[in-house]
Every structure is written in C-alpha cells, then in structure tokens.
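First comes the structure, then the notes that go with it.
Throughout, protein chains are lettered first and strands after them, A, B, ... in sequence-line order, and every chain is numbered starting at 1.
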Amino acid sequence: MTGTVDPTVINLVVFVLAVFVGYHVIWNVTPALHTPLMSLTNAISSVIIVGAILAAGVAALDLGSAIGVFAVALASINVAGGFLVTQRMLEMFKKKSKAGKE
Amino acid sequence: MTGTVDPTVINLVVFVLAVFVGYHVIWNVTPALHTPLMSLTNAISSVIIVGAILAAGVAALDLGSAIGVFAVALASINVAGGFLVTQRMLEMFKKKSKAGKE
Amino acid sequence: MSANQVALAYLVASVFFILALKGLSSPETARRGNLLGMIGMALALVTTISIIAAGGLVLIFVAMLAGGTIGAIVARRVQMTQMPETVAAMHSLVGMAAVLIAVAAVNNPAAFGVPDPMPAGNRLELFIGTFVGAITFSGSVIAFGKLAGLGRHFRLFSSAPVVFKGQHWLNLVLALVMIGFGVAFFLAPDKGWTPFWTMTAIAFVLGVLIIIPIGGADMPVVISMLNSYSGWAAAGIGFSLNNSMLIIAGSLVGSSGAILSYIMCKAMNRSFISVILGGFGAAEGAAAAGAGQKTVRSGSADDAAFIMSNAESVIIVPGYGLAVARAQHAVKEMAQKLAAKGVSVRYAIHPVAGRMPGHMNVLLAEAEVPYDQVFEMEDINGEFGTADVALVLGANDVVNPLAHEKGSPIYGMPILEVAKARTVMVNKRSMASGYAGLDNPLFYMDKTMMVFGDAKKVVEEIVKALD
Amino acid sequence: MSANQVALAYLVASVFFILALKGLSSPETARRGNLLGMIGMALALVTTISIIAAGGLVLIFVAMLAGGTIGAIVARRVQMTQMPETVAAMHSLVGMAAVLIAVAAVNNPAAFGVPDPMPAGNRLELFIGTFVGAITFSGSVIAFGKLAGLGRHFRLFSSAPVVFKGQHWLNLVLALVMIGFGVAFFLAPDKGWTPFWTMTAIAFVLGVLIIIPIGGADMPVVISMLNSYSGWAAAGIGFSLNNSMLIIAGSLVGSSGAILSYIMCKAMNRSFISVILGGFGAAEGAAAAGAGQKTVRSGSADDAAFIMSNAESVIIVPGYGLAVARAQHAVKEMAQKLAAKGVSVRYAIHPVAGRMPGHMNVLLAEAEVPYDQVFEMEDINGEFGTADVALVLGANDVVNPLAHEKGSPIYGMPILEVAKARTVMVNKRSMASGYAGLDNPLFYMDKTMMVFGDAKKVVEEIVKALD
Ligand SMILES: NC(=O)c1ccc[n+]([C@@H]2O[C@H](COP(=O)([O-])OP(=O)(O)OC[C@H]3O[C@@H](n4cnc5c(N)ncnc54)[C@H](OP(=O)(O)O)[C@@H]3O)[C@@H](O)[C@H]2O)c1
Ligand SMILES: NC(=O)c1ccc[n+]([C@@H]2O[C@H](COP(=O)([O-])OP(=O)(O)OC[C@H]3O[C@@H](n4cnc5c(N)ncnc54)[C@H](OP(=O)(O)O)[C@@H]3O)[C@@H](O)[C@H]2O)c1
C-alpha cells in the first residue's frame with residue numbers, strides 16, 4: 001500500500017453513508033408532512049452559510065470577504081425564513097391533533 | 001482554528017453515520033427473517049479478518065504474524081460458516097414462497 | 001477552538017439535522033424536530049463564528065441581522081397557498097450562496113483552510129458545487145416566476161412551456177461546453193478565473209433553459225428537483241472545503257428532494273424524464289372539448305345540503321380547487337354542521353391532490369380539522385363502498401376513473417374510488433379539465449351531481465342551507 | 001494498490017454489506033442480499049491480500065483454507081434447532097480474533113500503518129476493541145455451553161443461573177480495575193504489555209462472570225447482546241486501524257444485535273437490565289404447583305382429529321415445544337390433510353415464540369409450509385374470533401391470558417388471542433409451565449381441550465386419524 005488516503009476519499013465515505021441515512025429518514029416522513037419537509041430541508045440546506053461566514057471572516061477586507069458578506073446575508077434569509085415558515089406550518093398540525101383529542 | 005482534524009474525529013463521523021444507517025436498515029428487516037439476520041450479521045462481523053490478514057502479512061515471521069495467522073484461521077471459520085448457514089436458511093424461505101405460489 | 005473541537009461540534013450539528021428530519025415521521029414529534037434543526041443550525045453558526053478572525057465580525061453580524069429579518073418577515077407574511085413559490089425563491093438563495101462561496105474560495109482558498117493555489121481535487125469538487133449552485137439559482141428564479149404568475153410581465157416566466165426547436169440539443173451542447181471549461185479550470189496553472197467565470201455563466205444560462213420548457217403545472221416536481229440540487233450543491237461545497245457537516249446536511253436535502261420528486265412522478269404515473277423534457281402543461285384545459293354530447297346532472301348548493309343532511313356518512317375529497325378558492329375554513333364549518341346532525345364526516349387525501357406533496361394536509365391543518373377525520377388514500381379507499389355521499393371539492397384528476405383504463409395518459413395512477421359511493425357530488429367552476437388535461441367520466445355518471453361554482457362560495461351556501 | 005484505491009474498494013465493500021442487510025427486508029430479496037454480503041466480503045479479502053507483503057501469503061492461504069473448510073462443514077451439518085448455540089460459538093471467534101489482532105497491533109503497529117510506538121488515541125480505541133472482544137469471546141463460550149447443554153460436564157455451563165452473593169459488586173470492581181489497567185496502557189511510555197495483558201485477562205474473566213448468572217432461557221437475549229458486542233469490537237478495531245470499512249460493518253452488526261435484544265425484551269415485557277442482572281431462569285418449572293385444584297379437560301389425538309376435520313377454519317399456534325419435538329414436518333402433513341378435507345388452515349406466529357427471534361418462521365420454512373398461510377401476530381389476532389379451532393402446539397407463554405392481568409409478571413406482553421376461538425386445543429407433555437415459569441389459565445377454560453404428549457407423536461397420531 002502506497003501513500004495516504006486523500007481527504008476526498010474520506011469525504012466520499014461520509015457522503016455515501018449520509019445518502020443512505022437521508023434515504024431512510026426521508027422515506028420515514030409521513031406524507032401528511034411533505035410540505036413542511038420541503039421547507040425544513042430548505043432551511044437545513046442553508047447551513048451552507050458556514051462557508052459564507054468563513055469567506056467573510058478574513059482579517060483584511062477584500063473582494064473575497066465582500067462576496068462572503070453578501071453570501072451570508074442571502075443565506076441568512078433562508079436560515080430564518082426556512083425554520084420559521086416550517087414552525088408556522090407545524091403549529092397548525094399541533095392545533096389539529098389537539099382538536100382531535102377534544 | 002488551530003491544528004488539523006485527527007483521524008479519530010473523522011472515524012467518529014463515519015461511526016455515527018454508520019450507526020444511523022444500521023438502525024434504519026435493521027428496523028426494516030422483516031421479523032420472519034430475524035434468525036437469518038443473526039447469522040448474516042455474524043458473517044459480516046467476521047470482516048475483522050481484514051485486520052488479521054494485515055497482522056499475518058508482514059514480511060518477517062515473528063510472534064505477531066503467527067498470532068495473525070491464527071486469527072485469520074478463526075475468522076475464516078466465521079466467514080465461510082456465517083454466509084453458508086445464512087444461505088441454507090434462506091433457501092428454505094425460497095422453497096416456502098414457491099410452494100405458496102403453486 | 002481546535003480543529004478537532006470544531007469538527008466535533010459540526011458532527012453534533014449534523015446529528016441534530018438528522019434528528020430534525022426524523023421528527024417529521026409523525027405530526028406529534030414534528031415541532032420538536034424543527035426545534036432540533038434550529039439548535040443544530042445555531043450550533044453550526046456559533047462554532048463557525050468562533051473560529052474566524054475578529055476583523056470581519058461586525059459586517060457578518062450586520063449581514064445576518066439583515067438577512068434574518070427579511071427571512072422572518074417573509075415567513076410571517078407568506079400565505080400557505082404561496083408555499084411553492086416561497087420555497088422556490090429560497091432555493092435560489094442557497095444556489096446563489098453556493099456560487100458566491102465558490103468565488104471566494106477561488107479567490108482566497110486559505111480562508112477555508114485549503115492550500116493556495118487550490119489542489120486539483122478540491123477544484124473538481126468546487127466546479128461541481130458551483131455549476132450545480134448556479135443552475136439551482138437561475139432555475140429556481142424561473143420556477144418562482146412561473147409560480148408567482150409573473151408571466152404577464154416577462155415571457156420567460158410564462159406558466160405555459162416555452163419551447164423552441166432544437167432546445168434539448170442546445171442544452172446538451174451548452175452542458176458539454178460548460179464541462180469543458182470546468183476541465184480547463186481543473187487544469188489551470190493559476191487561479192483559473194477565466195474558465196471559472198465562463199463555466200459559471202453558462203451554468204446560469206443552462207438553469208434558465210432547463211426550466212422554461214416545463215409547464216407551470218409541473219413546477220412542484222421541478223421545485224423538489226431544485227431542492228435536491230441545492231442539497232447537492234451544498235454537499236459539493238462541503239467536499240471542496242473538507243467539511244463533513246456540509247456534506248451530510250447536503251446529502252440529506254439532496255435525498256429529500258429526489259425522493260419527493262420520485263413520489264410525485266410515481267403518483268402522477270409519469271416518468272421523471274418526461275417531466276424534465278417539458279412541454280406537458282401546454283395541453284392544459286384543451287381536452288374538455290369533446291364533452292358536449294354527454295349529459296351532466298347539475299344541482300344547487302341547497303340540493304347538496306339536503307342530500308348530505310339525510311346521509312349517514314359523507315366522505316369529503318379535497319383537491320387543488322379547494323386550495324385555489326381558500327375554502328378550507330368553510331369546509332370545516334360545513335363538516336361541523338353535518339356532524340351536529342349526526343352525519344359521520346371524513347376526509348380522503350390523495351397523495352398528490354393539490355400542487356405540492358402534502359398540500360391538502362397543510363390546508364386542512366390550517367383550518368384545524370381534527371386529525372382523526374383525515375385519512376390517507378390506502379386507508380379510506382375501502383370505505384367509499386359504504387359511504388352515502390362522496391363530496392368532491394375542486395378535485396379532478398385524483399378521482400378520474402380513466403386511471404383504470406388502459407391507454408389513457410394517466411393509466412395506472414392510483415385514484416380515490418369515489419365512484420363506489422352511493423351518491424357522488426362534484427364541485428368545480430366548469431366542465432374544464434384538471435392538471436392532466438383530461439376529461440373525467442365521473443362527471444357523467446348517473447349517480448353524480450355537479451355543483452358548479454367557486455368552491456368557497458358553494459360551501460358557504462351549503463353551510464347556510466344546513467342551518 | 002494505492003491507499004486511495006484500497007479505501008475506495010473498502011467503501012464499495014461497505015456498501016455491499018449495507019445492501020446485504022437491506023435485502024433481508026423481504027424473503028424475496030433475502031438471498032440476493034446474502035449474495036451481496038459474500039461479494040462484499042470477497043472484495044474486502046482480495047483487496048487486503050493484494051496489499052500485504054508476499055512473505056506471509058502461503059500461511060494466510062493455509063489458514064483461510066483450514067478455517068473456511070471447518071466453517072463450511074459446520075454450516076452444512078448444523079441443525080436448524082441448533083442455530084442459537086451455533087451463532088454463539090461463531091461470535092466467540094469474532095471476539096477472539098479481535099483480541100488477537102489487538103495483540104498483533106501492540107506488537108507491531110507498523111503492520112497496520114499505525115506509527116510505532118502507537119499514539120495515545122489509537123491505544124484508547126485499541127483498548128476498547130480489546131476488552132469488548134475479550135468479553136465477547138468468553139461470554140459467548142459460556143452462552144454456547146449453556147445452550148448446548150454442557151452443564152452436565154461443567155458447572156459454569158449450567159443452564160440454571162449460577163449466582164452467588166456480591167456477584168454484581170464483584171463485576172463492578174473488576175470492571176473498574178480493568179479500566180484502570182486500560183488507562184495505564186493508554187499512558188504507558190513503552191508498548192505497555194503488562195497493563196495490556198492484565199486488562200485483557202480481567203476482561204476474559206468478566207465475560208464469564210457476566211453471563212453465568214443468566215438462565216439458559218434468557219440466552220437468546222444474551223446472544224443478541226453478544227452479537228452486538230462483536231460488532232462494536234470490530235468497530236473499535238476499525239477505529240484504531242483507521243479502517244472505515246471495519247467501523248461501518250461493525251456498527252451495522254452492533255446496531256443489529258442491540259435492536260434484536262430490544263425487540264425480544266419488549267415482546268417479553270422485561271427490561272434489558274433485568275435480563276442482564278440475571279437469576280431469572282431459576283424459577284422455571286416451579287410455578288406449576290398451585291394448579292392441582294383446577295380441573296382440566298383432556299382428550300386424545302383422535303378426538304382432536306375428529307374436531308378439526310369438522311371445523312371450517314383452524315389456526316395453528318406453534319411454540320417452543322414444536323421446535324423441541326421437531327414436529328414441523330408432521331404439522332405440515334396434518335395441515336395438508338385438513339386442507340384436503342376443505343378446512344382452512346393458517347399459522348399464527350408470535351414474535352417471540354420459540355427461543356430466538358424468527359424461530360418459528362425458520363421452522364415452518366424448513367417444512368416448506370406455504371408462505372401465504374403464515375401470519376404475524378398483528379395480522380391474525382383479529383381472526384381468532386371467527387376460527388373454529390385454535391390448535392396450540394408446544395406454545396405456552398405466548399398464549400397466556402395472564403398477560404392481560406395487572407400484577408402478573410408478564411402483564412402487558414402482547415399475546416395471541418387464542419381464547420377467542422370457538423374451541424382451543426393445547427398440546428404439551430404435562431402441565432408444566434413455559435419459559436416465564438407461570439401457570440396458564442388458558443388450560444383450565446371450559447372450551448379448552450388438552451392433548452398431552454410429545455408434539456411430534458401427537459401430531460403424527462392426528463395425521464393417522466385423519467386418513
Ligand atoms: N400534489 C402534488 O405534489 C402534485 C405535484 C405535481 C402535479 N400534481 C398534479 O396535480 C393534480 C392534482 O389533482 P387534483 O384533483 O387535486 O386537481 P386537478 O386535477 O388539477 O383539478 C382541480 C380542479 O379544481 C377546479 N377548480 C379550480 N379552481 C376552483 C375553484 N375556485 N373552486 C372550485 N373548483 C375549482 C378545476 O376545475 P374548474 O376549472 O372547472 O373549476 C379543476 O378541474 C394531479 O394531476 C397531480 O398529478 C400534484
Ligand atoms: N423467541 C425469542 O426470541 C425469545 C427469546 C427469549 C425468550 N423467549 C421466551 O420464550 C417464550 C416462548 O414462548 P412459547 O409459548 O413459544 O414457549 P414456552 O412458553 O416456553 O412454552 C413451551 C411449552 O412447550 C412445551 N413443550 C416442551 N417440549 C415439548 C414437546 N416435545 N412436545 C410438546 N410440548 C412441549 C412445554 O410444556 P411441557 O413441558 O408441559 O411439554 C412448554 O410449556 C416466551 O416466554 C418468550 O418471552 C423467546
């Protein structure tokens with residue numbers, strides 16, 4: 001065996017496992033919640049903001065960090081909007097199940 | 001951020017994801033096949049033979065490689081026995097479902 | 001924090017994201033799931049902020065505050081019926097962010113802990129993340145425009161498919177050229193700005209071209225597909241930044257979108273390819289022509305109220321028309337009135353009724369319809385045989401018996417078997433066809449009574465008549 | 001091969017293992033699943049062999065051939081009813097292999113691509129892998145002995161719990177001492193052989209001590225637990241060798257064992273802790289004493305045959321006794337005879353009937369009972385009300401109505417509702433109690449007829465009487 005394992009290969013291992021997890025977790029979502037699922041996954045995908053913060057967070061202000069700040073702003077819309085809209089939708093389902101118990 | 005990420009941490013990521021995958025995959029196994037499941041997982045756990053081969057496969061013969069050879073022999077019992085016993089059991093289920101179709 | 005601590009915090013955040021999605025397996029645990037998702041996101045944010053140089057902090061906070069405020073306002077204001085376009089708009093942001101991050105990474109790889117100049121492996125991954133992100137952005141913008149009905153202002157947003165000759169060939173050629181520049185970027189000795197920008201620009205154009213031929217009605221599938229893309233873009237960026245949290249979160253989102261697209265195509269009995277190749281929505285509304293000869297029995301809201309109040313059991317089948325008319329609250333009131341008269345009322349939900357997955361469930365939840373009256377298709381299809389009345393409100397395709405007939409375009413699609421009920425009542429505004437553009441034999445059955453009119457108006461009249 | 005290629009091949013093998021287990025989600029795909037598992041294993045073996053020094057190859061091949069032959073012979077010869085002890089024996093091998101690999105790794109870390117002397121992180125993981133492996137080995141040996149009935153030869157293998165005062169305290173102290181030596185190994189400046197061996201020896205002893213207090217009847221839970229352990233041991237070794245395939249495969253196996261233990265405990269309505277603390281099997285058979293006063297109606301095999309041939313529908317409930325008596329083929333014959341007379345015959349399977357999960361399914365599969373006559377508990381429990389005869393063959397606890405009575409030890413355990421059938425016939429050899437050591441009110445009901453005798457003999461008599 002020669003050399004060491006590239007990070008890319010390790011990333012691939014993580015990726016393959018994550019796809020398996022995603023596959024199973026998503027199929028377990030009840031169809032009644034498919035619309036909230038769309039907005040929740042939308043919120044989760046905004047975790048890309050982490051990359052934006054890294055880009056924005058360099059000591060010296062330059063083109064790269066300006067772009068990063070802009071990306072942070074865009075992704076923040078998604079972070080806040082995604083989770084809050086999901087919450088709003090799910091609140092409705094809460095009332096619904098309570099009403100059912102009455 | 002200082003330093004680089006240890007392999008142990010990366011292993012932990014893989015481990016956590018693998019446990020999630022295992023959890024979902026196993027709960028999806030039909031109860032009728034729980035006995036074959038036990039023997040199949042038994043067979044899969046014998047993949048530890050990979051470590052035994054590495055131990056046995058050093059150029060010079062010494063205590064370590066002798067131990068490795070012994071471990072290879074033990075694990076091989078499991079590799080062959082585990083998959084073959086599972087196959088024998090599953091063959092029965094095959095006949096069964098055929099018989100049902102008659 | 002050390003790199004190890006950061007990686008561990010990211011791992012914990014990833015687990016929170018997984019648990020968040022697991023929470024959606026039932027309505028009871030769903031809100032906790034969303035909360036876990038927020039915690040995961042907060043952890044990811046705090047961790048990341050703690051490791052960057054103090055210099056940029058203020059600007060970052062300002063940007064987060066601005067974006068967060070906009071997001072919160074949108075979340076508060078948006079109507080439930082506008083969810084599809086809202087989700088589309090949000091996807092576009094993720095796509096754009098992915099592109100911007102890629103630009104920043106090419107500009108200064110060191111900020112991400114990647115060697116400068118960027119190694120080939122990371123470039124390959126960045127290339128993938130960038131073009132997927134760019135396509136997600138421009139595609140989502142088009143999808144948003146189509147759904148928000150902006151076609152009046154701008155032809156590209158027309159909800160009718162925009163088709164022209166050689167379209168698919170053009171797309172193919174552009175895709176190949178884009179990949180070519182990607183390879184050039186991959187091989188470039190310097191930062192490779194020229195091939196990078198060219199590739200990105202082509203990807204933006206491709207995103208537009210891929211989506212315009214798809215009819216407005218097919219948008220839900222497209223939105224899920226773009227949802228999926230936004231996830232893969234995040235995962236691609238995660239690869240190039242060696243960030244396993246981005247890879248995991250991206251894969252979760254990617255799988256989710258792919259599975260939802262699959263479920264929708266399956267329930268519509270169409271292939272994903274045929275949706276993507278587009279041109280389907282064009283025929284909408286056209287097929288109702290041949291219906292003239294057959295006779296239809298129509299009745300008033302009062303008739304409907306009278307029949308239902310004398311029934312023992314009524315099954316309500318909501319559809320897209322109910323959502324358009326925003327009649328859900330009126331329906332709830334009607335059901336309560338009927339229940340007070342001793343009529344058993346249940347709701348039958350087809351998996352693709354409406355225009356997004358789970359559309360009807362959200363709608364009924366909004367009206368606070370009790371949980372135990374709402375049934376999924378498999379659970380209630382056996383019950384129509386014993387129901388006195390099946391009341392179809394603004395649904396069409398999901399109750400179209402043509403699905404049982406070989407050769408029909410929707411052959412094989414599972415439907416709600418309303419025809420088995422003793423009496424069928426159908427509310428819609430006209431004899432026009434639904435999403436699939438097909439005539440519906442159900443309307444011409446002897447036991448069917450049509451109640452024409454806007455769903456909300458008709459249901460409110462029924463409510464009045466029930467008093 | 002380069003390290004990257006090896007890692008990729010291992011990843012592919014891991015995916016094969018996952019797909020193998022996914023295959024078990026239905027009997028149709030199960031054999032393909034097993035095949036995928038074999039392919040994955042073959043890939044792992046070929047890849048590993050290709051990277052080692054040529055010097056050791058011959059010995060390795062000899063060892064593999066020897067082990068493989070033994071394994072194949074065992075697999076061919078073993079009876080289905082001996083599966084629990086076979087699985088136990090095999091676990092012990094995995095545990096021992098883990099310990100041996102750990103010894104080799106301490107001796108020569110370089111063989112595994114780990115720096116010499118081994119870094120602290122790897123030592124910690126190795127420590128975990130080693131002691132889990134050692135406990136797995138000695139625990140499985142004891143479990144094997146108990147299940148194979150070796151108690152006659154050697155007291156430690158007694159199927160009755162071996163208990164003594166202060167047992168749990170002793171275990172706790174030993175565990176702490178073991179961890180102490182583990183820490184010493186972790187901190188040792190040299191290879192750390194002394195703490196390593198001490199720790200390993202204590203772990204072997206602990207494995208024995210943990211398992212001896214557990215009664216033979218609780219062994220199935222223990223076997224699953226050891227199955228789980230063997231997986232975690234493999235994962236631990238994978239951590240210290242930085243081998244993600246071992247981590248993934250180990251986690252799959254670990255989860256599987258844990259979930260099966262959980263399912264069993266749940267179905268027996270006992271806590272996992274109470275099983276592990278042991279002492280349960282002691283009371284077995286003792287509780288039947290108070291049964292004297294109540295009256296029991298008993299009948300002959302001929303009576304049973306007569307009643308069944310006049311029935312419209314019969315539901316057969318197989319239990320542990322059927323497995324002990326190896327009566328499955330006779331039962332199949334009986335069912336065929338009954339079917340020929342126009343009687344509808346079905347089988348009701350309780351999830352923990354027998355002594356391993358899925359025991360009854362394997363048994364009936366062996367006898368080639370048609371697939372569509374076999375029903376899981378949830379699917380058939382509603383049917384007993386309409387059945388003429390419920391024929392209980394060597395089952396006891398899984399049909400014990402005490403499960404409905406608050407305060408009984410099995411309160412809350414789901415049971416097969418045989419008492420709802422018009423006539424209940426129970427075959428067993430005596431009035432002795434079953435696994436849980438409880439008397440069974442079912443036997444004293446007016447509509448119950450006991451048919452005493454060995455299940456195989458009785459069923460064969462019924463078959464004769466049916467001619
Ligand atoms: N849910 C999803 O995820 C999803 C995704 C993609 C595609 N689809 C497709 O969407 C369709 C859904 O079926 P569906 O039965 O719910 O809807 P549909 O087949 O599209 O029919 C809706 C009907 O509602 C009527 N309508 C419209 N506005 C109304 C109003 N204000 N008041 C009363 N009626 C009104 C329309 O008839 P008038 O014009 O005569 O009133 C129309 O025929 C399926 O073909 C499905 O495949 C669904
Ligand atoms: N399946 C699993 O995974 C698992 C795991 C752990 C524990 N368990 C436990 O095992 C029990 C299984 O219940 P079960 O109803 O199948 O069995 P059971 O309650 O153990 O009863 C078996 C009965 O079969 C009779 N029997 C024994 N040998 C016989 C023979 N040769 N011919 C006829 N009858 C014979 C015995 O009575 P006589 O002596 O009078 O003949 C005994 O009462 C449950 O308590 C369950 O919790 C199961």
Which atoms of D:Arg77 come close to chain B, meaning under 4.5 Å heavy atom to heavy atom: side chain ones, backbone ones, both, or neither?
-> backbone
Among D:Ile259, D:Ile263, D:Val87, which has the most heavy-atom pairs under 4.5 Å with chain B?
-> D:Ile259
Please flag which part of D:Leu260 lies under 4.5 Å from any non-hydrogen atom of chain B: side chain, backbone, both or neither.
-> side chain
Between D:Ile349 and chain B, which part of the residue has a heavy atom less than 4.5 Å away: side chain, backbone, both or neither?
-> neither
Region of B:Val79 that comes under 4.5 Å of a non-hydrogen atom in chain D = side chain
Indicate the atoms forming the closest heavy-atom contact of D:Ala249 with B:Ile44, along with that distance.
-> CB-CG2, 3.9 Å
Return the option, out of D:Ser244, D:Gly37, D:Ser26, D:Ala98, with the maximum number of heavy-atom pairs under 4.5 Å with chain B.
-> D:Gly37
Chain D: which of B:Leu84, B:Val85, B:Val19, B:Asn78 shares the most heavy-atom pairs with it under 4.5 Å?
-> B:Asn78
For B:Val29 and D:Leu21, which heavy atoms make the closest approach, and how far apart are they?
-> CG2-O, 3.9 Å
Contact summary for B:Ile48 and D:Ala97, nearest pair of heavy atoms | CG2-CB, 4.1 Å
Value rounded to 0.5 Å, distance of OG in D:Ser25 from CG in B:Leu33 | 8.5 Å
Is it the side chain or the backbone of B:Ala43 that comes within 4.5 Å of chain D heavy atoms, both, or neither?
-> backbone
Of all of D:His359, D:Glu376, D:Met360, D:Met96, which one pairs up most often with chain B through heavy atoms under 4.5 Å apart?
-> D:Glu376
Side chain from CB out, backbone as N, CA, C, O: work out which of these in D:Glu125 comes under 4.5 Å of a heavy atom of chain B, or both, or neither.
-> side chain
Scored by heavy-atom pairs under 4.5 Å with chain D, the best of B:Leu63, B:Ile10, B:Asp6, B:Val47 is B:Val47
Would you mind checking which part of B:Leu12 comes under 4.5 Å of any heavy atom in chain D, side chain (CB onward), backbone (N, CA, C, O), both or neither?
-> both
Are side-chain heavy atoms of B:Leu40 and D:Asn34 found at a separation under 4.5 Å?
-> yes
Which region of B:Ile49, side chain (C-beta onward) or backbone (N, CA, C, O), has a non-hydrogen atom less than 4.5 Å from a non-hydrogen atom of chain D, or is it both or neither?
-> side chain
Could you check if a side-chain atom of B:Phe93 sits within less than 4.5 angstrom of a side-chain atom of D:Val362, using non-hydrogen atoms only?
-> yes
Do you know the tightest heavy-atom contact between D:Ile101 and B:Gly51?
-> CD1-C, 3.8 Å
By a 4.5 Å heavy-atom criterion (distance strictly below it), what part of B:Ser65 contacts chain D: side chain, backbone, both, or neither?
-> neither
Any side-chain heavy-atom pair from D:Pro351 and B:His34 closer than 4.5 angstrom?
-> no
Rounded to the nearest 0.5 Å, what's the gap from NE2 on B:His24 to CD1 on D:Ile18? Could you check?
-> 12.5 Å
The single option from B:Leu37, B:Thr30, B:Thr86 passing side-chain contact (heavy atoms from CB on, under 4.5 Å) against D:Leu24 | B:Leu37
Note, D:Met83 side chain near B:Met38 side chain (heavy atom, < 4.5 Å) = no
Among B:Ile67, B:Val50, B:Val69, the residue with the most heavy-atom pairs under 4.5 Å to chain D is B:Val50
Greatest number of heavy atom pairs closer than 4.5 Å to chain D - which of B:Tyr23, B:Phe70, B:Phe83 = B:Phe83
Which residue out of D:Leu59, D:Asn243, D:Val99 racks up the most heavy-atom pairs below 4.5 Å with chain B?
-> D:Leu59
Scored by heavy-atom pairs under 4.5 Å with chain D, the best of B:Ser39, B:Gly68, B:Ala52, B:Ala75 is B:Ala52
Check whether D:Ile60 gets within reach of chain B through its side chain, its backbone, both or neither, counting any heavy atom under 4.5 Å.
-> both
Cut-off 4.5 Å, heavy atoms of chain B, and the answer for D:Asn242 is both
Are any non-hydrogen side-chain atoms of D:Ile51 and B:Leu54 less than 4.5 angstrom apart?
-> yes
Look up atom CD1 in D:Ile248 and atom CG in B:Leu17, then write down how far apart they are to the nearest 0.5 Å.
-> 9.0 Å
Of B:Ala73, B:Ala80, B:Ser76, B:Gly22, the largest count of non-hydrogen pairs under 4.5 angstrom with chain D goes to B:Ser76
So which of D:Ala72, D:Ser240, D:Gly68 has the biggest tally of heavy-atom pairs under 4.5 Å with chain B?
-> D:Gly68
Proximity breakdown for D:Phe61 and chain B, heavy-atom pairs closer than 4.5 Å = neither
Option from B:Gln87, B:Met89, B:Glu91 for which side-chain contact (heavy atoms from CB on, under 4.5 Å) with D:Arg31 holds = B:Glu91
In Å and rounded to the nearest 0.5 Å, what is the CE to OG distance from D:Met41 to B:Ser46?
-> 3.5 Å
Minimum heavy-atom separation for D:Met90 to B:Gly82, with atom names?
-> CE-N, 3.8 Å
Using a cut-off of under 4.5 Å for heavy-atom pairs, which of D:Pro84, D:Ser92, D:Gly71 has the most such pairs with chain B?
-> D:Gly71
What part of D:Val78 lies closer than 4.5 angstrom to a heavy atom of chain B: side chain, backbone, both or neither?
-> both
Passing candidate, side-chain contact (heavy atoms from CB on, under 4.5 Å) with B:Ile77, options D:Thr69, D:Ile73, D:Ile70 = D:Ile70
Interface moiety of D:Ala66 toward chain B, non-hydrogen atoms closer than 4.5 Å = neither
Are the side chain of B:Thr35 and the backbone N or O of D:Pro357 linked by a donor-acceptor pair below 3.5 Å?
-> yes
So, do B:Asp62 and D:Asn107 sit near enough that their side-chain heavy atoms are less than 4.5 Å apart?
-> yes
Pairwise side-chain contact, D:Lys22 with B:Asn28, heavy-atom cut-off 4.5 Å (strictly under) | no
Flag the pair D:Leu252 / B:Thr41 as yes when at least one side-chain heavy-atom distance between them is below 4.5 Å, and no otherwise.
-> no
About how many Å separate OG of D:Ser251 and CZ of B:Phe15, when rounded to the nearest 0.5 Å?
-> 5.0 Å
If you round to the nearest 0.5 Å, how far is CH2 of B:Trp27 from OG of D:Ser256?
-> 11.0 Å
